[in-house]
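Worksheet: one structure, shown below.
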Amino acid sequence: MHGYGNPPGRRRALGAGAGALAAALLAGCAEPSGRREPTAGLPGRAAPTSGASGWAAPTSGASGRAAPTSGASAPPAPGASGPARAPAPAPAPRRFPGLPVRIAHGPRDRPRVALTFDGRGDPDLALAALARCERAGARVTVLAVGTWLARHPELARRILDGGHELGNHTEHHLDLAALDESAAYEEIAACARRLRRLTGSVGAWFRPSPTTYASPLVERLARRAGYPHVLACDVESLDHAATRVATVTRKVAGELRNGTVVELSLGRPVTVAALPLLLAEIGRRGLHAVTATELMARPATGAARTAG
């Protein structure tokens, strides 16, 4: 991975201090055994709406009754004033004047951080991760793989309805650097088309796969697909290779500061298990977890952040 990292000396100093902190936080915390986190009481997943040409309306509260057949005159629901409205389209990508194409972190002068998740993996664990973030008042950014959304289309609206934002992490999670220009563009564009069908928008951000690094060619292809910026990160959790909660919490806590963009995985047991500790540490430091768009947005009178 090639995010904008901290200088090695400073990183070692931060890591040393964070080790003691993580050890204290983790006292008595059991490591994940690889079994699935219980999801009782978490928001349920709706059945996929395969073949739909638009995005699906939320199914929360549905009674499970079949829709009336064509020509049937079903009675209006009590208190209903008319046909149910379709959800509003998801936010489109936003251009941030003065910022580089590849954005790795937000302003360093405000107590905000962005937790960004690669959207793939076990959907039940993804729901558990979203629920834990929401209980802590955190809004996050999910960069979804297109084939993952194809298998679980209901998760697109679930993410948005939770106050989070959704973005593009390519259609098949291939190594874009290993593809020719046409194939690399199609990986970006195919996921963008899927997001538009499901949510009315191509998504708020694009992040390349399999790493956050984007070559000049990938940056150009992303702009062609409608994304003014490529979302990188300055803190990699390395949870995709971790088996211990302590490994993830020490890595993130050791590098966390104002403006940090953290890269995490949405559907991994170790990540779900680590989230309560990470969220508690974010709160203990007086930081607020917001979406990547909220992190980058400056007040009207604020100066734009320069690259670096």
Item checked: Closest contact, heavy atoms only, Trp148 versus Gly121 -> NE1-O, 2.8 Å
Check: Atom CD1 in Ile103, atom CG in Leu295: separation rounded to 0.5 Å?
Finding: 9.5 Å
Item checked: salt bridge (Lys or Arg N to Asp or Glu O under 4.0 Å) partner of Arg193, the single match among Glu171, Glu187, Glu186 -> Glu186
Next item on the list: Please check if the side chain of Asp118 supplies one atom and the backbone of Glu263 the other of a donor-acceptor pair under 3.5 Å.
Entry: no
Check: Between the side chain of Ser209 and the main-chain N/O of Leu174, is any donor-acceptor distance below 3.5 Å?
Finding: yes
Next item on the list: Classify the ring geometry between His229 and Phe96 as parallel (under 30°), tilted (30 to 60°) or perpendicular (over 60°).
Entry: tilted
Check: How long is the span from the OG atom in Ser265 to the CZ atom in Arg120, to the nearest 0.5 Å?
Finding: 6.5 Å
Item checked: Closest heavy-atom pair and its distance - Gly200, Pro89 -> O-CB, 3.9 Å
Note to self: Using a 3.5 Å distance criterion without hydrogens, assess whether the side chain of Arg224 forms a donor-acceptor pair with backbone atoms of Tyr185.
What the structure shows: no
Check: To the nearest 0.5 Å, how far apart are CD1 in Ile159 and CG in Leu149?
Finding: 6.5 Å
Notebook entry, point to check: Under 4.0 Å between a Lys/Arg side-chain N and an Asp/Glu carboxylate O for Lys251 and Asp239?
Noted result: no
Check: Say you draw a straight line from CZ of Arg257 to CZ of Arg285; how long is it, rounded to the nearest 0.5 Å?
Finding: 11.5 Å
Checklist line | salt_bridge(Asp109, Arg298) N-O dist < 4.0 Å | finding: yes
Margin query: Set out, in order, the CA-CA distance, both residues' side-chain angles and the distance that settles side chain to side chain contact (heavy atoms under 4.5 Å, CB included) for Asp234 and Glu255, then state yes or no.
Written below: CA-CA 9 Å; Asp234 62 332; Glu255 300 175 31; over 6 Å; no
Notebook entry, point to check: Within the side chain of Thr260, is there an N or O that forms a donor-acceptor pair under 3.5 Å with the backbone of Val262?
Noted result: no
Checklist line | From Phe206 atom CZ to Thr170 atom OG1, the distance as rounded to the nearest 0.5 Å | finding: 6.5 Å
Check: How far does CG of Leu115 sit from CD1 of Ile282, to the nearest 0.5 angstrom?
Finding: 4.5 Å
Checklist line | Short side-chain to backbone donor-acceptor contact, Asp175 and Pro210, under 3.5 Å | finding: no
Item checked: Glu294/Arg112 ion pair, N-O < 4.0 Å -> no
Next item on the list: Work out which heavy atom in Leu125 is nearest to a heavy atom in Gly267; give both atom names and the distance.
Entry: CD1-O, 3.6 Å
Margin query: Between Arg207 and Ala232 (side chain of the first, backbone of the second, donor and acceptor by atom type, cut-off under 3.5 Å), is there such a pair?
Written below: yes
Notebook entry, point to check: Looking only at atom types and distance, does a side-chain atom of Arg132 sit under 3.5 Å from a main-chain N or O of Leu279, one as donor and one as acceptor?
Noted result: no
Checklist line | Shortest non-hydrogen contact between Thr141 and Glu165, atoms and distance | finding: OG1-OE2, 2.8 Å
Check: Is any side-chain heavy atom of Ser237 less than 4.5 Å from a side-chain heavy atom of Thr271?
Finding: no
Next item on the list: Measure from the side-chain N and O atoms of Thr249 to the backbone N and O of Val245, and report whether any donor-acceptor pair falls under 3.5 Å.
Entry: yes
Next item on the list: Answer yes or no: is there a side-chain heavy-atom contact under 4.5 Å between Arg194 and Asn168?
Entry: no
Note to self: Less than 4.0 angstrom from a charged side-chain N to a carboxylate O is my criterion; do Glu181 and Arg220 meet it?
What the structure shows: yes
Checklist line | Thr291 side-chain N/O to Arg139 backbone N/O, donor-acceptor pair under 3.5 Å | finding: no
Next item on the list: Compare every heavy atom of Met296 with every heavy atom of Leu231, then report the nearest pair and how far apart it is.
Entry: CD1-CE, 4.4 Å
Checklist line | Side-chain heavy atoms of Leu277 within contact of Val248, under 4.5 Å | finding: no
Check: Would a 4.5 Å heavy-atom cut-off, applied to side chains only, mark Val218 and Tyr213 as touching?
Finding: no
Notebook entry, point to check: Any idea which heavy atoms bring Asn258 and Arg108 closest together, and the distance?
Noted result: O-NH1, 2.9 Å
Notebook entry, point to check: Would you say Tyr227's side chain and Val202's backbone share a donor-acceptor pair under 3.5 angstrom?
Noted result: yes
Check: Taking side chain as C-beta onward, heavy atoms only, is Leu195 less than 4.5 Å from Leu166?
Finding: yes
